[in-house]
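None of these values were measured; they are calculated from a predicted model. Heavy atoms only: backbone and side chains are in, while hydrogens, waters and symmetry mates are out. Positions are given from 1 along the sequence.
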Amino acid sequence: MPPNPPVPVPAAVPAPARVLVVDDEQDVRELLTETFRLAGFAVTAVGTGVAALNTAYAETPDLVVLDVRLPDFDGADVARILRDAGREVPVVLLPKPFSLENVVTRVREILAA
């Protein structure tokens, strides 16, 4: 009986990049969440600056998509607080209006760098 051929070992599949979406408008947050999931990202979404900071400390996202205006913080302030706390996570500030295609493209460019 001939020997069994070696069984190929599948290459490890890299985990999807983790994106934290922060927007106080629920419909925008849901749209961004679904768009990023369809694009292959793991997504966590929150609606306030405080929730963004707590989530970023707990989950360590690869990138944060951050609304410029939040009810409790300015988006730039959230980005500064993260940076000052030593969280070197890239941030994409989300102007209104925005193009979904442009936001996804920008996130992919940053994560590929």
Can you find a heavy atom in the side chain of [X] that is under 4.5 Å from one in the side chain of [Y]?
{"X": "T105", "Y": "V103", "value": "no"}
{"X": "V65", "Y": "V107", "value": "yes"}
{"X": "L70", "Y": "L66", "value": "yes"}
{"X": "L63", "Y": "F41", "value": "no"}
{"X": "K96", "Y": "D67", "value": "yes"}
{"X": "V50", "Y": "N54", "value": "yes"}

Closest non-hydrogen atom pair, P16 against D62: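 What the structure gives for the nearest pair is O-OD2, 4.5 Å.
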
Where is the tightest heavy-atom contact between L93 and A76, given as atom of each residue plus distance? CD2-N, 4.1 Å

Member of V78, D77, V46 meeting the side chain to side chain contact (heavy atoms under 4.5 Å, CB included) criterion with L53: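 Filter result, single survivor: V78.
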
Please answer whether the main-chain N or O of [Y] pairs with a side-chain N or O of [X] as donor and acceptor at a distance below 3.5 Å.
{"X": "R106", "Y": "V92", "answer": "no"}
{"X": "D72", "Y": "G49", "answer": "yes"}
{"X": "R29", "Y": "D23", "answer": "yes"}

Could you walk me through whether I81 and F73 satisfy the side chain to side chain contact (heavy atoms under 4.5 Å, CB included) test, starting with their C-alpha distance in whole Å, then the side-chain angles of each, then the deciding distance to 0.1 Å, before giving a yes or no? CA-CA 10 Å; I81 292 167; F73 279 101; 3.8 Å; yes

Which value, rounded to the nearest 0.5 Å, describes the distance between E25 atom CD and L32 atom CG? 10.0 Å

Kindly work out whether a path of hydrophobic side-chain contacts (I/L/V/M/F/W/Y, heavy atoms less than 4.5 Å apart) joins [X] to [Y].
{"X": "V43", "Y": "V89", "answer": "no"}
{"X": "I110", "Y": "V21", "answer": "yes"}
{"X": "V91", "Y": "F98", "answer": "no"}
{"X": "V64", "Y": "V68", "answer": "yes"}
{"X": "L100", "Y": "L20", "answer": "no"}

Just checking E101: does its CD atom have more than 12 heavy atoms from other residues, nucleotides or ligands closer to it than 6.0 angstrom? no

